[in-house]
Amino acid sequence: MKITAARVIVCCPGRNFVTLKIETDEGLSGVGDATLNGRELAVVSYLQDHVLPCLIGRDPQQIEDIWQYLYKGAYWRRGPVTMSAIAAVDTALWDIKGKIAGLPLYQLLGGRSRSAVMVYGHATGRDIAETVDEVLRHQAEGYRAIRAQSGVPGLDKVYGVSGSGRMYEPADSHLPAEHDWDSAKYLRHTPRLFEAVRAAAGEEVHLLHDVHHRLTPIEAAQLGRSLEPYRLFWIEDPTPAENQQAFRLIRQHTTTPIAVGEVFNSIWDCKWLIEEQLIDYIRATITHAGGITHLRRIADLADLYQVRTGCHGATDLSPVCMGAALHFDTWVPNFGVQEYMPHSELMLSVFQCDWRFEQGMLYCGEKPGHGVDIDEKLAARYPYQRAYLPVNRLQHDGSLHSW
Ligand code: GCO
Ligand code: MG
């Protein structure tokens, strides 16, 4: 079997997506997600100008060899652009492998480890009352795990809050929007938020929260300690993770579980955090961490240390990524939870998916491969629209801060 063609499909059905389609001489094709929110065209060029010419004529069944070829052969290793491009190729090849075998992807990975995949939804509100209402609405829809994010008194625009019930999409402007931040206001507010949410939602539901890289290690330790009475499932990205040792300081002060890794793109970003047991969940994704082939290695390392997966699943990860992730989640033994921000009807009109949601669980389909495809004609109706993620500045002096 030979790869005969490969092309990148860029579309914007409500937000930008970058999809790779690989075709073979036996009529089978596969798709992969290469969306890097706010930097999409860098991955498009990396694929089109540097990777795809090397694929033509290769045997698509040689998934591992092609992965090694693209990783070691680039000389310049790792990074979000490189690893998203490799991920798209890898995911498309696993999709083709499933179609050759006539098996859904999870069967190729080792078969079903669970009946379904527990997901967490996003409850957001401009204030505590609105956020509590959104948590209760998600509970009524059957979610067993819910992330709560709310506005912070005294801050204008805060991460994770869309307001007026709209779907939260951070890449919302033609040039980076400027948000303001004040950690002290956030640290005062957040325990009050979870006191109210836990009181309203009861003991059972898993509550999650995303700190989004904003605190210093000792501030993150304070937050974790202050949230212990509300027994969170995790706090996510409590501090920027370039300095992995920072997590040792957090660990010394709090038992609130920690999740990190949505911005990681290789096993090297999280190896030490896992081996030193400084985190409880690893959030790396198929799209940004080198595909199924590499994410499987990360999950296997994590399993040795009882670290569980908690893959990132915001809407900037396309339905292709979600489809493949559900198969991965169905197989992976050390599964924790899957983030699930439902894509809009418009987005799902461009991507055909076969998963279903029921009582807080997602069920992957049984189609060969990962079960997702793209309608290229429809995609062409929604051309790329440059959109940036926001930047963040400290409210009191305007200095740049992690967004
Ligand atoms: C999450 C993430 C997102 C990111 C977004 C960036 O936990 O879902 O933090 O909200 O900010 O995916 O593109
Ligand atoms: Mg996050």
Side-chain angles (χ1 to χ4, degrees), residues 12 14-18 33-43 80-81 83-84 87 119-125 134 138 143 145-151 157-163 166-173 176-177 179 181 186 190 206-215 220 223 232-241 257-265 269-270 279-289 309-322 325 336-344 347 385-392 401-403:
C12 188
R15 60 143 296 109
N16 292 311
F17 293 117
V18 178
D33 178 25
T35 308
L36 185 64
N37 205 359
R39 293 294 184 273
E40 294 86 358
L41 298 189
V43 186
V81 174
M83 299 308 279
S84 297
V119 297
Y120 72 87
H122 282 207
T124 77
E134 276 297 288
H138 278 76
Y143 282 90
I146 302 167
R147 186 184 97 164
Q149 305 287 141
S150 90
K157 291 188 80 169
V158 166
Y159 162 74
V161 181
S162 55
R166 267 181 308 107
M167 180 190 281
Y168 174 62
E169 171 47 70
D172 58 0
S173 52
H179 288 186
W181 181 251
Y186 168 79
T190 305
H206 296 304
L207 297 176
L208 301 87
H209 183 65
D210 194 345
V211 188
H212 217 264
H213 323 273
R214 302 203 169 183
L215 300 178
L223 177 71
L232 266 65
F233 187 85
W234 79 36
I235 51 173
E236 174 189 346
D237 287 327
T239 194
I258 296 172
V260 75
E262 71 181 45
V263 298
F264 288 176
N265 54 77
D269 291 334
C270 49
I279 58 172
D280 304 279
Y281 298 91
I282 183 65
R283 299 252 303 133
T285 64
I286 285 170
T287 296
H288 298 132
T309 64
C311 290
H312 181 204
T315 40
D316 48 290
L317 293 146
S318 93
V320 173
C321 179
M322 180 52 80
V337 71
Q338 169 67 50
E339 179 175 6
Y340 177 51
M341 276 180 77
H343 291 95
S344 68
M347 295 172 192
Q385 293 178 33
R386 194 179 76 190
Y388 285 90
L389 288 169
V391 298
N392 209 9
H401 194 73
S402 297
W403 172 71

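Atoms within a ligand are numbered from 1 in the order they appear, just like the ligands themselves.
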Atoms in ligand 1 flagged as close to Glu236, the criterion being non-hydrogen separation under 4.0 Å: 7 (O)
Heteroatom of Asp210 nearest to the Mg ion (ligand 2) (N, O or S, atom name): OD2
Candidates Gln149, Glu339, His138 - the one meeting side-chain hydrogen bond (donor to acceptor under 3.5 Å, both in side chains) with His122: Glu339
Contact (N/O only, under 3.5 Å) between Asp210 and ligand 1: yes
Donor-acceptor under 3.5 Å (Asp237 side chain, Val211 main chain): no
Flag, side chain of Asp33 to backbone of Ser318, donor-acceptor distance under 3.5 Å: yes
Charged N-O contact under 4.0 Å between Arg15 and Asp316: no
Donor-acceptor under 3.5 Å (His212 side chain, Trp403 main chain): yes
N/O/S from Glu339 sitting under 2.8 Å away from the Mg ion (ligand 2): no
Side chain, backbone, both or neither: the part of Met341 lying under 4.0 Å from ligand 1 by heavy atom: neither
His288 side chain to Pro80 backbone, donor-acceptor under 3.5 Å: no
Minimum-distance atom from the Mg ion (ligand 2) among N, O or S atoms of Glu262: OE1
Ligand 1 N/O within reach of Asp316 N/O, cut-off under 3.5 Å: yes
Metal site the Mg ion (ligand 2): N/O/S of Asp237 inside 2.8 Å: no
Donor-acceptor pair, side chain of Asn392 and main chain of Ser402, under 3.5 angstrom: yes
Structural part of Trp403 in contact with ligand 1, heavy atom criterion under 4.0 angstrom: side chain
